[in-house]
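One structure is given below, encoded as structure tokens.
Chain identifiers are assigned alphabetically (A, B, ...) following the order of the sequence lines, protein sequences preceding nucleic acid strands; residue numbering begins at 1 within each chain.
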Amino acid sequence: MDHPVRVRFAPSPTGPLHIGGVRTALFNWLYARHTGGKFILRIEDTDQARYVPGSIELITDGLRWLGLDWDEGPEVGGEYGPYIQSERTALYRQWADWLVDQGKAYRCYCTSERLDNLRKSGVQGYDLHCRTLSTEDRAAHEANGDSYVIRFKMPLDGQTTVHDLIRGDITVENSTLTDLVLLKSDGFPTYHLANVVDDHFMEISHILRAEEWIPTAPVHRQLYDAFGWEMPAIAHLPVILNPNGRGKLSKRTVGFTEDGRSVPVRLNEFREAGYLPEAIVNFLTNIGWSFGEDREVFSVAETIERFDLSRINPAGGKFPLEKLDWLNGVYVREMATDKLVALLGERLAAAGYRVDQAKLVELLPLIRPRVQRLDDVIEKAGFFFVDAVHPTLNDLIQKQMDAADTQRALQEAYDLVAGTDDFSAEGLEVALRTLSDELGLKTSQFFGLLRVALTAQQVAPPLFETMVILGREACLARIQAAQALLVDTPV
RNA sequence: GCCCCAUUCGUCUAGUGGCCCAGGACGUGGCCCUCUCAAGGCCAAAACAGCGGUUCGAGUCCGCUAUGGGGCACCA
């Protein structure tokens, strides 16, 4: 039992990685890195019907983006390859045939129509029809060239127990197990066969997979026993549930929170929404596992040092999206300036803004605590990178003010901004506060109308710093534009 | 329907029989700061699903019930 640790993540190439799969990959990776073992990526593409071209690239790109590197697998190779199941079909066939030769499996000639009818009549599993075929009937089918599948002979009585590293023993009555298909009529293996054969020949030491696989664990135990192979240690990770409490998130295309907000499910959706890989990793680590010491925020290095199976919580949980938002904000606040500038610059550029890098560096302190997801930069700083803004009259005119008051205040502000010698945040603040008093306005009114004039937003970063970064000319132009708006619009 | 897994604040979790009239975090509410919004600081409300056992003692062990989830394919 003291094999070197070799764990694997074995997704099917049916599209982009979903967040549940990412969490499974992450835990496997953490376990490998913690133990100094190997993390293997294996592609389980045995269902030709569900194969989506390009999926493998999507999966590898996603893992790399998160920083989950694999020691063996597609693109990196390894001694146990190939790591794509469709390239290993001869192996599966060989071992399926071996089981038939040993009398532990059999050819089943049942048509899909017969199987459908069986299911419709309420039969669970397979009715063992071909298990008990006479030698003559079998020969007849062969002579006829009938297509067949290979089914496993499940024990009819007794019990099967599998030890789960985080749940303890799981025991089922063998009578509830069925003669599952190992090799399909198209010559491809089913998940069960391919998985067991590969885990054995790739010398996988620990299987860490999602909870939804628990029912197949006893089935796989039987398969290992039939082959006479040692079964890897196994642990089933809790599933991540949809926040609205209906079903697991992993399988859904869209999840929803209680207030109806849609929850991203695929990894690329998180990426597009402006979540950082570091935040996603930290976040996912906190679902079903906890760092301890009452800590919620920790680095990957710290996690690797501490990660172990004994701290895994067996209960499934809902996806706490709000916590991800918060955590992403934490990482945004801690990120190195040049890196953050690059990321935010990309977002702005993608949204069509002409980004001035130097200006972005300058204004970063203003928006950093206000950005949670990278996309927020557009709302917080977009107005810095346009030639003109377009406030509405309604936003411009503050509470308890009319157009004439507003016009006068703007004119005074214009004169001040145009004439002041001290165009610094401190200087502007002192001068504008004084002016606000002289005009008999509350600062919330005066600063509010200036904010709208300069940014076309009611909510924006601090006013005076904003003015400095905007520059005197831009400020004057925008104040003038606001004045023009007041004149041009009939009251 | 059958089988399996789980069950601590709204949510993610700590808790491995006495340190728990249950700790942290997100979220929520209040206060402070304040030119708006954040960030930050302080404070507050908020949970051991229920019932039986075992034990001197149970959130922690056992059973039943309830609830949630998963699985019952020539899909993984």
- Item | Smallest separation among heavy atoms of A/Ile166 and A/His236, with atom names |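 Here A/Ile166 and A/His236 meet closest at CD1-O, 3.0 Å.
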- Query: What are the two closest heavy atoms between A/Ala105 and A/Ile150, and how far apart are they?
  - Reply: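 Answer, listing the atom of A/Ala105 first, then A/Ile150: CB-CG2, 3.9 Å.
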Report the nucleotide, chosen from [options], that has the shortest atom-to-atom distance to any side-chain atom of [X].
{"X": "A/Trp326", "options": "B/G27, B/G71, B/U13", "value": "B/G27"}
{"X": "A/Pro369", "options": "B/C74, B/A25, B/A38", "value": "B/A38"}
{"X": "A/Arg50", "options": "B/C3, B/C12, B/C75", "value": "B/C75"}
{"X": "A/Glu212", "options": "B/G70, B/G27, B/U11", "value": "B/G70"}

Using the [atom1] atoms only, state how far [M] lies from [N], rounded to an integer number of Å.
{"N": "B/A47", "M": "B/U65", "atom1": "P", "value": "28 Å"}
{"N": "B/G70", "M": "B/U28", "atom1": "P", "value": "29 Å"}
{"N": "B/G63", "M": "B/A58", "atom1": "C1'", "value": "15 Å"}
{"N": "B/C2", "M": "B/C20", "atom1": "P", "value": "44 Å"}
{"N": "B/G24", "M": "B/G15", "atom1": "P", "value": "15 Å"}
{"N": "B/C33", "M": "B/G40", "atom1": "C1'", "value": "9 Å"}
{"N": "B/A25", "M": "B/C9", "atom1": "C1'", "value": "12 Å"}
{"N": "B/U13", "M": "B/G69", "atom1": "P", "value": "16 Å"}

Considering every strand and a 4.0 Å limit on heavy-atom distances, what is the contact class for [X]: base, sugar-phosphate, or nothing?
{"X": "A/Ser185", "value": "base"}
{"X": "A/Cys110", "value": "base"}
{"X": "A/Pro218", "value": "nothing"}
{"X": "A/Trp213", "value": "base"}
{"X": "A/Phe188", "value": "nothing"}
{"X": "A/Val149", "value": "base"}
{"X": "A/Ala460", "value": "base"}
{"X": "A/Gly288", "value": "sugar-phosphate"}
{"X": "A/Gly317", "value": "sugar-phosphate"}
{"X": "A/Pro11", "value": "nothing"}
{"X": "A/Thr178", "value": "nothing"}
{"X": "A/Arg209", "value": "nothing"}
{"X": "A/Asn313", "value": "sugar-phosphate"}
{"X": "A/Leu463", "value": "base"}

Does [X] make a side-chain N or O approach to OP1 or OP2 of [N] shorter than 4.0 Å?
{"X": "A/Ser290", "N": "B/A14", "answer": "yes"}
{"X": "A/Arg119", "N": "B/C74", "answer": "yes"}
{"X": "A/Lys184", "N": "B/A76", "answer": "yes"}
{"X": "A/Arg151", "N": "B/C74", "answer": "yes"}
{"X": "A/Arg295", "N": "B/U13", "answer": "no"}
{"X": "A/Thr46", "N": "B/A76", "answer": "yes"}
{"X": "A/Arg368", "N": "B/A38", "answer": "no"}

Nucleotide forming a Watson-Crick or wobble pair with [N], both distances under 3.5 Å:
{"N": "B/A25", "result": "B/U11"}
{"N": "B/C2", "result": "B/G71"}
{"N": "B/U55", "result": "none"}
{"N": "B/A49", "result": "B/U65"}
{"N": "B/G40", "result": "B/C32"}

Decide yes or no, distance alone: a donor-acceptor N/O pair under 3.5 angstrom between the base of [N] and the side-chain of [X].
{"X": "A/Gln124", "N": "B/G1", "result": "yes"}
{"X": "A/Glu296", "N": "B/G24", "result": "yes"}
{"X": "A/Arg167", "N": "B/C5", "result": "no"}

- Query: Should the pair A/Asp437-A/Lys442 be classified as a salt bridge under the 4.0 Å nitrogen-to-oxygen rule?
  - Reply: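 Salt bridge between A/Asp437 and A/Lys442, a charged N being under 4.0 Å from a carboxylate O: no.
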- Whether A/Tyr191 and A/His220 hold their rings parallel, tilted or perpendicular, with breakpoints at 30° and 60°: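 Tilted.
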Aromatic ring centroids of [X] and [Y] under 6.0 Å?
{"X": "A/Phe283", "Y": "A/Trp326", "value": "no"}
{"X": "A/Tyr275", "Y": "A/Tyr331", "value": "no"}
{"X": "A/Phe307", "Y": "A/Phe27", "value": "yes"}
{"X": "A/Phe447", "Y": "A/Phe464", "value": "yes"}

